[in-house]
Amino acid sequence: MNGAESLVHTLIACGIDTVFANPGTSEMHFVAALDRIPGINCVLCLDETVASGAADGYWRVTGRPAATLFHCGPGLANGLANLHNARRARSGILNIVGDQATYHRPLDAPLTADTEGWARPVSGFVRTAKSAATVGRDAAEAIAAARSGTIATLILPADTAWTEGGVAGETCEVPARAMPDDEAIASAVEVLRSGEPAMLLLGGRTLRDATLRQATAIAAATGCKLLSEMFNARMERGQGRPPIERIPYFIDAAIHTLSGIKHLILVEAKPPVGFFAYPGKPGRLWPEDCTLHTLAAIDQDGSAALTALAQAIEGAEPEIPATPRPAPSTGAIEPETVATTIAALLPDQAIVIDEGISFGRGFSRFTHGAAPHLWLQVPGGAIGGGLPTAVGAAVSAPGRRVVAIQADGSAMYSIAALWTAARQNLDITVILLANRKYAILLHEFAGVGANPGPTALGMLDLGNPDLNFVKLAEGMGVAAAQAPNMARLNELLASSVEHKGPFLIELLTG
């Protein structure tokens, strides 16, 4: 077999069953091998930012890595923004990046680039295959890294793919996540029993139903507060599950939320800081007289740590109060009314992708009464992650409805994701929040103390001409309709979740 065939056999043997691809000339032998060897679902994306975001969504729903296929260094560069988001989400992804043949690279042809250099900032594993004989082994080690929850980038020079002598790699063992030591747990017990105001800050993989129940038991037994990070890769939410609020985005609200806390216990979470710096305001959000404690570092098993802490505290799991499911709202189009309608009409076990930016930022607290669901955000803050993540989530979970809450400005960064959704007939409802402006930046002008004039305001305005998302969606094969009021949104959302395939609702919020 050639190197490309050994790569496909290794992918299958190591559990990779999906590739989000945007291939080029250097990858043709790998594409041909994917055609000849059954077992891989190949999903074509029109842009690499869609492929990288889709692989991120796939991991966040399944906990298993998908592969991407990029064309040389510039193709990888096109996907970097959503690979940044995926790194912040601690997602496992295998990037396969084609490259110039080893003997052609010294000629410095136009697509020659520092591919390894571009890959390193977003990758925990980077390797360039040296020969067809090593491709399988290199791929197996890259997949093991991806399965541990990191981004692995394997660069495949064209001749290592087409040359004979390939050998399929063997599955590499992935070590279990480390458990925090007994001292960290004992320290947390001491802090929580001290009587001083304390807070558990959860992040990473701790925002699952079972783990949230452990954390809720600890909070009930000790009186500590419970909060999650500002942006989270995945939260299990809805009726019957413990509700948890997030650190607010706006810095004054975040500082107020953390005020009075003397001990902040981090569980797979980083010390909380502002999203940006603002003149005259602190960057860190916890009080000056607050002590930070780490129960579980971000690379440790926070769920196991919370279980051990709950046992040490001897806190009984409290009964989770029932949150009634609301009726669809019929008021004016406001964040509260839209969130209430989403909570009312969200189908059971739906997957929500939240890139609502300014209009959607307050949705979370109004949707605790929805049917049980997953809530995925964009932890890296690189806009344009929402629609690609929705594609990956839908590919990974056929039969579950994906609801993408999507701001209009950020949608345009990765609008090509709609084409892949149509081509794959994915069950995605997009609620497109059309306010015709970069509304978040209007807030930021006030936050940094700047005074926008006509030129500045013109750079934040998405009108003149207005974007028509119904036509954009229909042009890529996605059924769509416009909602100018809540009554129409209620009607369209209710019908869309029963619709087979993708559907876009352009909600006029501004």
Side-chain angles (χ1 to χ4, degrees), residues 14-16 56 59-65 83 85-94 120-127 140-153 170-192 198-219 224 226-229 231-236 244 263-273 286 291-315 379-380:
C14 295
I16 300 288
D56 180 18
W59 166 272
R60 290 205 244 163
V61 174
T62 66
R64 295 184 291 108
L83 290 174
N85 287 331
R87 183 179 70 86
R88 289 289 185 173
R90 306 165 202 171
S91 295
I93 296 173
L94 171 65
R120 285 193 187 97
V122 295
S123 306
F125 175 105
V126 179
R127 183 175 298 171
E141 293 178 12
I143 294 167
R147 288 172 57 206
S148 73
T150 192
I151 297 171
T153 300
E170 297 182 359
T171 303
C172 298
E173 183 177 354
V174 178
R177 301 175 73 212
M179 176 71 182
D181 58 34
D182 293 340
E183 184 178 342
I185 296 167
S187 175
V189 170
E190 181 180 354
V191 165
L192 292 172
M199 176 183 287
L200 288 170
L201 181 62
L202 308 187
R205 304 185 196 186
T206 65
L207 301 172
R208 314 290 174 102
D209 185 24
T211 306
L212 286 172
R213 290 178 187 276
Q214 298 282 17
T216 303
I218 295 166
C224 76
L226 193 60
L227 212 61
S228 79
E229 290 186 297
F231 295 101
N232 298 282
R234 167 184 166 139
M235 304 175 74
E236 294 187 0
I244 183 170
H263 299 278
L264 186 60
I265 303 171
L266 306 175
V267 192
E268 289 192 41
K270 292 185 175 182
V273 298
W286 66 95
T291 302
L292 297 182
H293 309 267
T294 300
L295 176 65
I298 61 174
D299 60 346
Q300 293 178 321
D301 191 337
S303 297
L306 284 169
T307 298
L309 181 58
Q311 291 170 349
I313 293 291
E314 297 181 348

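- Listed by chain and residue number, nothing satisfies the side chain to side chain donor-acceptor pair (under 3.5 Å) test with Arg90 (two or more places apart in sequence, or in another chain).
- To the nearest 0.5 angstrom, Glu236 atom CD is 10.0 Å from Arg213 atom CZ.
- Taking every heavy atom of both residues into account, Trp59 and Arg205 meet most closely at CZ2-NH2, 3.9 Å.
- Taking both residues in full, the closest heavy atoms of Leu306 and Ala215 are given as CD1-CB, 4.4 Å, listed atom of the first, atom of the second, then distance.
- Using a 4.5 Å heavy-atom cutoff, the side chains of Cys224 and Ile265 are not in contact.
- Between the side chain of Arg234 and the backbone N or O of Arg60 there is at least one donor-acceptor pair closer than 3.5 Å.
- Leu227 CG to Leu200 CG: the interatomic distance, rounded to the nearest 0.5 Å, is 10.0 Å.
- In this structure, Thr291 and Leu264 have side chains that are not in contact, with every pair of non-hydrogen atoms separated by 4.5 Å or more.
- Between Pro65 and Ile16 the shortest side-chain heavy-atom distance falls below 4.5 Å.
- Interatomic distance, Arg147 CZ to Thr171 OG1, rounded to the nearest 0.5 Å: 6.5 Å.
- Considering CG of Leu83 and OG of Ser123, their distance stands at 7.0 Å, rounded to 0.5 Å.
- Residue Leu202 holds its CG atom at 9.0 Å from CG of Asn232, rounded to the nearest 0.5 Å.
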Just do the side-chain contact (heavy atoms from CB on, under 4.5 Å) check on His293 and Ser187 with the steps written out, would you?
CA-CA 8 Å; His293 309 267; Ser187 175; 4.2 Å; yes
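- In this structure the side chain of Leu192 reaches within 4.5 angstrom of the side chain of Leu309, judged on heavy atoms.
- Pairing each heavy atom of Gln214 with each of Thr307, the nearest pair is NE2-OG1, 3.5 Å.
- Glu190 places none of its side-chain heavy atoms less than 4.5 Å from the side chain of His263.
- Side-chain atoms of Glu268 and Thr211, non-hydrogen and from C-beta on, never get closer than 4.5 Å to each other.
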For side-chain contact (heavy atoms from CB on, under 4.5 Å), just list the numbers for Ile185 and Gln311, CA-CA rounded to whole Å, side-chain angles, deciding distance to a tenth of an Å, and then say yes or no.
CA-CA 10 Å; Ile185 296 167; Gln311 291 170 349; over 6 Å; no
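- Closest heavy-atom contact between Ala198 and Val191: CB-CG1, 4.4 Å.
- Here the CZ-CD1 distance, from Arg64 to Ile143, works out to 12.5 Å after rounding to the nearest 0.5 Å.
- Nearest approach of Asp301 to Arg177, heavy atoms of both residues: CA-NH1, 3.9 Å.
- The shortest side-chain heavy-atom distance between Ser228 and Met235 falls under the 4.5 Å cut-off.
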